[in-house]
Structure formats: structure tokens, C-alpha cells
Amino acid sequence: MASLQQPAAPANERSYWGNVWQAVKSTAVGLGITFRYLWSKPFTVQYPDEKLPTDDRYRGIHYLEQDLCIYCQACAKACPVDCISMDAKRHGKELEWNFFRVDYQKCMFCELCVYPCPKDCIHMGREYALVAEDRSEFVLELTTWQGLTEAQKVRVAEAEAKKAAKKAAKKAAAAAKEDKEGEEK
Ligand code: SF4
Ligand code: SF4
């Protein structure tokens, strides 16, 4: 029958009062650290009410300076994952915007869409919170308005009136020329 052997006592085993002293000492050290941080400024922030500042070079959700954009699609062509889509109708120099979207289900924040922009109007922003209950909500609209603005409508109407006046003047000149030629005959 195997005999039960008592485990050998560790060589550095402390006495009872040694253990008590160690416990009191470590508690005092711990409380010292706690009290030291009690009066210092907290490192934590109450997200999402508070947010830590992001670096200047941070690449977050894009922002578009829509009034500068010329609908050239250079940014969309440069995107390696085809996540930029846009649609607009041209009225001479004015653009009637339908949409300008980025699909953040695919976007990898590489910034390759920013460099080819001839108007420097698409930028990587600082916003990083992409929270949604449905994946379709990760397709974000970058335009701030759709259609034509009131100012654009005025400019389009002016340009059309100018064009119509020019056309009418041309027509009148042609008619006058015809009349003159008729009289001469
Ligand atoms: S950051 Fe990169 S992946 Fe995202 S839209 Fe621009 S080019 Fe495409
Ligand atoms: S490259 Fe610039 S100007 Fe051209 S469509 Fe994109 S954002 Fe607009």
C-alpha cells in the first residue's frame, strides 16, 4: 500500500507574522498608487459624448467639396475596390447632382481617390464612427444637396435665355440677309 507523504515545506516559507506584514505592506503600496491617481486628470473620455482628437493625417470618412467637384470621375476610376459611385446631369457649366456615394463596406481608407482629383475637392475626413444596424447603412452619401441649388437654377435660366437670344439673333440675321438678297434680285 502506497504511503501518503507530506509535501516538503518551501525553503523560503515566511512565518505567520511575516505574511501579515507582507499583506499590510502590499495593501499600503496599492492604496498609495490609488491615492496618487485619485487627484490626477483622468485619461479616459466619455465616448461617444467626448472624443479624443485625431491626428492631422488621420484617414477617416471622406468629405466632398461639392461646389468644386466637376464630375470627372477621376476619383472613382482610381479606387482599387470600386466603392465610389456618382451621377449628375450637366446643364452647361452647372451640375445637377443625383448622388455621390462611397460604400464603406468595401473602402479601405487608402486615400488613392484623393490624389488624382483635379479640383482637390475630395478629402479624407477625421470622422471614424461607422456604426449601423444594417450593412446597407455603410453606403454614405457625400453630397450635401441634390438637384440644382437656387443660385444654379438662376445661372442655368440666364445661360438658356442668353443661348435663346443668340439663336434668335442668328435667325433674324439670316432672315435679313435673305430679304436683302431678294431685293437685290
Ligand atoms: S480610400 Fe481607397 S478604397 Fe476608399 S474610396 Fe478612396 S480609393 Fe477607394
Ligand atoms: S476627382 Fe474630384 S472633381 Fe472629379 S469627380 Fe472626383 S471629387 Fe469630383
message: Would you compute the distance between atom OG of S26 and atom CH2 of W21 and round it to the nearest 0.5 angstrom?
response: 10.0 Å
message: One pair to check against ring pair (Phe, Tyr, Trp, His ring centres under 6.0 Å): H62 and Y104. What are the steps and the verdict?
response: CA-CA 10 Å; H62 301 75; Y104 287 100; 5.7 Å; yes
- prompt: Linking I/L/V/M/F/W/Y whenever any side-chain heavy atoms sit under 4.5 Å apart, do I61 and F100 land together?
  reply: yes
- prompt: Would the number of heavy atoms belonging to other residues, nucleotides or ligands and lying under 6.0 Å from CH2 of W145 be above 12?
  reply: yes
field: Side chains of V102 and L140 in contact at under 4.5 Å (non-hydrogen atoms)
entry: no
message: Quick check on the hydrophobic clustering: are L31 and Y37 connected, directly or via other members, by side-chain heavy-atom contacts under 4.5 Å?
response: no
- request: Search all heavy atoms of I122 against all heavy atoms of V114 and return the closest pair with its distance.
  value: O-CG1, 3.5 Å
query: Which pair of heavy atoms, one from K119 and one from L68, lies closest together, and at what distance?
result: CG-O, 3.4 Å
Worked verdict on V139 versus Q105 for side-chain contact (heavy atoms from CB on, under 4.5 Å): CA-CA 7 Å; V139 181; Q105 294 173 93; 3.8 Å; yes
field: Min side-chain heavy-atom separation K163-K166 under 4.5 Å
entry: no
Quick one: side chains of residues 79-92, donor-acceptor pairs under 3.5 Å with protein atoms, not counting sequence neighbours, listed by atom name and distance.
{"unit_1": "D87", "atom_1": "OD2", "unit_2": "N98", "atom_2": "ND2", "d": "3.0"}
{"unit_1": "R90", "atom_1": "NH1", "unit_2": "I70", "atom_2": "O", "d": "3.4"}
{"unit_1": "R90", "atom_1": "NH2", "unit_2": "I70", "atom_2": "O", "d": "3.1"}
{"unit_1": "R90", "atom_1": "NH2", "unit_2": "Y71", "atom_2": "O", "d": "3.1"}
{"unit_1": "H91", "atom_1": "NE2", "unit_2": "E96", "atom_2": "OE1", "d": "2.6"}

query: At their closest point, which heavy atom of A78 faces which heavy atom of P116, and how far apart are they?
result: CB-CG, 3.6 Å
- prompt: Quick check: are there more than 12 heavy atoms from other residues, nucleotides or ligands sitting under 6.0 Å from CD of E50?
  reply: yes
- prompt: Which salt bridge (Lys or Arg N to Asp or Glu O under 4.0 Å) pairs, counting each pair once, include a residue from residues 58-75, with sequence neighbours left out?
  reply: R59-E111
query: Looking at residues at least two apart in the chain, or sitting in another chain, which of them share a side chain to side chain donor-acceptor pair (under 3.5 Å) with E160?
result: none
Side-chain donor or acceptor of Q152 paired with backbone N/O of V154 under 3.5 Å: no
query: Which heavy atom in L95 sits nearest to a heavy atom in L148, and how many Å separate them?
result: O-CD2, 3.7 Å
query: Checking R101 against F99: charged group under 6.0 Å from the ring centre and within 45 degrees of the axis?
result: yes
message: Just so I know, are the side chains of D103 and K106 near enough to count as touching, which here means a heavy-atom distance under 4.5 Å?
response: yes
query: Does the side chain of R57 reach to within under 4.5 Å of the side chain of T54, using non-hydrogen atoms?
result: no
query: Hey, quick one: are L64 and F138 part of the same hydrophobic cluster, counting side-chain heavy atoms closer than 4.5 Å, chains of contacts allowed?
result: yes
task: Identify whether the distance between the nearest side-chain nitrogen and carboxylate oxygen of R126 and D56 falls below 4.0 Å.
output: yes
message: Taking side-chain contact (heavy atoms from CB on, under 4.5 Å) as the definition, give me every residue that meets it alongside T144, ordered by chain and number, with sequence neighbours left out.
response: Q66
task: Would you name the heavy atoms of D120 and H123 that are closest together and state the gap between them?
output: O-CE1, 3.1 Å
- line: By side-chain contact (heavy atoms from CB on, under 4.5 Å), A151 pairs with (sequence neighbours left out) T149, R155
- request: Could you identify which residues cluster with Y58, counting Ile, Leu, Val, Met, Phe, Trp and Tyr as linked when any side-chain heavy atoms lie under 4.5 Å apart, either directly or through a chain of such contacts?
  value: Y47, Y128
Heavy-atom pair with the smallest gap, counting every atom of G125 and Y63: CA-CD2, 3.9 Å
